[in-house]
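Residue numbering restarts at 1 for every chain, and letters A, B, ... go by the order of the sequence lines.
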Protein chains: 2
Amino acid sequence: MKVTLKTVAEEAGLSITTVSRALAGYDDVNEDTRRRIVAIAQRLGYQPNLAARHLRSKQTHTIGMVIPLTSYFSDPFFMELLSGVGRQAAEYGYDLLLSAQQPGEEELSAYRRMVASSRIDGVVLARVLADDPRIAFLKEAHHPFVAFGRSNANDYPYIDVDGATGVYHLVGHLIERGHRRIAMILSPRKLAFTTARFEGYQRALGEAGIALVEQYVVESDLTQEGGRAVAQRLLDLPSPPTAIVACNDAMAIGAMQAIRACGLAVGRDVAVAGFDDIPTAAFTDPPLTTVRQPIYDIGRRALDMLICVIRQKPLDEAHVLLVPELIVRQSSGAPPIR
Amino acid sequence: MKVTLKTVAEEAGLSITTVSRALAGYDDVNEDTRRRIVAIAQRLGYQPNLAARHLRSKQTHTIGMVIPLTSYFSDPFFMELLSGVGRQAAEYGYDLLLSAQQPGEEELSAYRRMVASSRIDGVVLARVLADDPRIAFLKEAHHPFVAFGRSNANDYPYIDVDGATGVYHLVGHLIERGHRRIAMILSPRKLAFTTARFEGYQRALGEAGIALVEQYVVESDLTQEGGRAVAQRLLDLPSPPTAIVACNDAMAIGAMQAIRACGLAVGRDVAVAGFDDIPTAAFTDPPLTTVRQPIYDIGRRALDMLICVIRQKPLDEAHVLLVPELIVRQSSGAPPIR
DNA sequence: ATTGACATCCAAAACGTTTTGGATTATGGT
DNA sequence: ACCATAATCCAAAACGTTTTGGATGTCAAT
C-alpha cells in the first residue's frame, strides 16, 4: 500500500540501491534503466519518506522559526517577516517549521528541541534582546542561524535596520514642524532596538538644543492597548507633549485613540508618529507618519543569508544594516498650537 | 558529540531499550532506575531525534498548511488563519509546517509531497474551490484534514461561515438605508464561497422587489487593485450604483479608492461594504462596513477538529457553520443622493 | 589469452528510534 | 525444594533511506 524504494525496486526487478541512485541522478546507472525507473516511480506515485531521508542524510530542507505566542496574533510585524521568509524559502525549495511558544524558558527550549532533534537546517530569529540567550545558545551549538537585529555580542550574521537614524529623522521632522515638547513611548528596554531608537531621539533633541524631559519618556509593551494607556498618562501631565513618537506603529495607534478620547484631534492638536509602517498605518485616521522598515524584504534577505550559512558558502556581508525611510503622513500634520 | 539514546544507555550502564522505555514512562522499569536515567539524560542534554522517531512511529506531531504564494504576503486572511491554527497547535504541542506554493499544479504536488513523505499528521486547508482537487486528493489518500469552507462534495469535516446569510443581512442593511442600485464585486467563481455570497445578494434584492441588473455584478480577484479597477468601471456606467458590496474587504478598500478618485465621497455619495473584517477595516477612512468572519477563532476550531480526526476520536460536529456578524461602520453611512 | 578500463549494478551497513517477545531474577505460597 | 507470579531488564527487528565498497560483465588493446 505504501510505496517505497523497495516497491519500485521490485517492480523494476532491480535493487534498492540502483533505484535510489537512479532517482538521485547519479551517473553510474544506465540511462535507459534510469528512465524506466523514473517512469515506474511516477506511475506508482513514489514519494521519498523524508523522515528516513533526514535520518540518513542529516538534511531537512526546513527552516525553523519560533513565534512568541503573545505577539503571534496581534503582531503584523511577525506576520510580515514570516511572509518574507516563507516566500524566499519556497524559492529555494525549503519549508518552514513554525513553533508558537510563550516567551522565556519555553521559547528557549523550543529552540533547543528544534536544533537538537535535527528537524531543521537553520533558524531565523527576530526581536533580539540586548542580551539574548537564544543567540548564545545557537552560537554555542554551532547551528546555522540569522537574526533580524543586533544584540550586545555581534559576532553572528544579522540583518538590521538603523533605528537610531530612523528615529533621528522622524524627530527632526517633528522639530521642523515646530514641536518642542516631544514625548517618546519606548518598547521594553531589554529589546535591542529600543536603545538604538532612544539614541536617535536623544540625538535629534540634543542637536536642536532641546532638553530631555524625563517625564516625556515612557515605556510600554508594543501593543496598541499599552500605547493607549501610557499616552493617556502623557496627556494628563501638567504640561503635556505636543507630539508623541512611539517605538512601533501599534503603540502609536493606541496613542491616537488616547488623544481622541481626550477630545483632541490627532495631527492638529497633538502629532503622532510610529515606527514600522505596518499595512494598517496608511489607513488610520489620519494616516500615520512613521518610519518604514521593509520587513518583508528583510525576511527574504535573512533567508538568503541563512541559505549561505547552511551551505557553508561565504556571506558577501555578514552584517547588513538598512537605512529606513521616513514616511510623512497626516498624523504629524500640523504645527503645535502653542 | 551528538547525544543519543545509546550515549545515555552507555552512561547509565543499561540497554537502549530500557532507556527508551524509561523516558517514555513505561511501568516496566524500576522507578529508581527511571529517575537515574532521566537525570543522566537531563545532564547530557539528550533530545530525541525526531526524524528517527517519526520513521519508527509514524507520528510527526506536525500540521501542514500550504499557502498560495500569490496571496501569501498581501492577504491578511491567511495570516489570521495561520495565527489561529498555529496558536491552537501550540496548545496541543504540535508544530506547523508551512509550504508556500504557486496555486495550481505546484500547490497540489506540495500536498502530495507533504502527505506521501509522511512529514505531517494532518492538513488544514482554506479557500476551498467549488470543485477542489486538493480535497479529492486528501479524501482518496485517507489523510486527516479539515477544511475552512464547503465545496460541492461535502463528505468531509469542515468549518464554514454562512456567507449567504452574511451578505443577505449586509445588502438588507443597504436597502434599509434607501439604496436601490446596489452593485456587487464577486470573487472568482471557482471559489466555493463566491456562490454563497452571491446567493445572499440575490435573495436580499429579490425580497425587496429589486430587479437584478446584470451590469452591477462584476468579478475580480480578491485584491485591492482588482477591486479598484472594477469599481472604476461600475462608476463609469450611465446609471452608476449608489452602493457597492465586495466579496472581501481588500476589494472593498480598492473600491473606496476608485470612488475617491472620481471626486466622490465614500459613505456620502456611494456606500461601500466588504466581507471579512480584517484588522485594517476598522481604520480605513471612513471605517468600513463589513461582515465579520472570526478567522482567528475559525483557525483554532479547525485545529481542534483536526486533532480529533488525527486521534480518530469522533467529532461532535463534523460540519460547523458559523453565522457571521454584520459590522456597521461609516462607509455605508449615508442614504443615496437620489 | 590476458589485461585494464569502463559501465552497470548490488549487498550490507548505517542513521536513532520504538516495539516485540522473551530472559533473568526475586518473591511468596505450597 | 518447587512452582507460579511479578518485577525488571534486554537483544533484535523494523522503519525507508543513502552511501560504501565492491562484483560482474563487456570490450578493446596487448
**Student:** Determine, for A:D95 against B:R119, whether the closest basic-nitrogen to carboxylate-oxygen distance falls under 4.0 angstrom.
**Tutor:** yes

**Student:** Above 12 or not: heavy atoms from other molecules or residues under 6.0 Å from CG of A:D155?
**Tutor:** yes

**Student:** Would you check if the side chain of B:S99 reaches a backbone N or O of B:V66 as a donor-acceptor pair within less than 3.5 Å?
**Tutor:** no

**Student:** Contacts to DNA chain D from residues 39-57 of chain B, heavy-atom cutoff under 4.0 Å, which residues?
**Tutor:** B:L55, B:R56

**Student:** Testing the basics here: between B:R112 and A:Q47, what is the closest heavy-atom pair and its distance to 0.1 Å?
**Tutor:** O-CG, 4.3 Å

**Student:** Starting at CD of B:Q59 and ending at P of C:dT17, how long is that distance when rounded to a whole Å?
**Tutor:** 17 Å

**Student:** The test is side chain to side chain donor-acceptor pair (under 3.5 Å); show your working for A:N49 and B:S117 and say whether it passes.
**Tutor:** CA-CA 4 Å; A:N49 179 313; B:S117 63; over 6 Å; no

**Student:** Out of D:dT8, D:dT19, D:dG16, which has the shortest distance to the side chain of A:T4?
**Tutor:** D:dG16

**Student:** Side-chain N or O of B:N30 versus OP1/OP2 of D:dT8: is the shortest distance under 4.0 Å?
**Tutor:** yes

**Student:** Pull out every residue in residues 12-20 of chain B that has a heavy atom closer than 4.0 Å to any atom of DNA chain D, ordered by number, or say none.
**Tutor:** B:L14, B:S15, B:T17, B:T18

**Student:** How many whole angstroms separate atom CZ of A:R21 from atom P of C:dA7?
**Tutor:** 15 Å

**Student:** Closer than 4.0 angstrom, basic N to acidic O: yes or no for A:D131 and A:K190?
**Tutor:** no

**Student:** If you count every heavy atom of other residues, nucleotides or ligands that lies below 6.0 Å from B:E140 atom CD, does the total exceed 12?
**Tutor:** no

**Student:** Which heavy-atom pair separates A:P157 from A:L315 by the least distance, and what is that distance?
**Tutor:** CB-CD1, 3.8 Å

**Student:** Check the distance between D:dA11's P and B:L5's CG and give it to me in whole angstrom.
**Tutor:** 14 Å

**Student:** Can you measure B:D27 atom CG to D:dA7 atom P for me and round it to whole angstrom units?
**Tutor:** 9 Å

**Student:** When you measure from the side-chain N and O atoms of A:T33 to the phosphate of C:dT8, is any distance below 4.0 Å, counting only OP1 and OP2?
**Tutor:** no

**Student:** Nearest whole angstrom, please: distance from the P of D:dC15 to the CZ of B:R119.
**Tutor:** 22 Å

**Student:** Quick one: closest heavy-atom pair of A:D132 and A:V128, and the distance?
**Tutor:** OD2-CA, 3.3 Å

**Student:** Can you tell me if A:Y26 touches the phosphate of D:dT19, counting only side-chain N or O atoms and a distance under 4.0 Å to OP1 or OP2?
**Tutor:** yes

**Student:** CG of A:D28 versus P of D:dT19: gap in Å, rounded?
**Tutor:** 12 Å

**Student:** Please report, rounded to the nearest Å, how far the C1' atom of C:dA11 is from the CD atom of A:E10.
**Tutor:** 15 Å

**Student:** Please state how far atom CG in B:L23 lies from atom C1' in C:dT19, giving the value in whole angstrom units.
**Tutor:** 15 Å

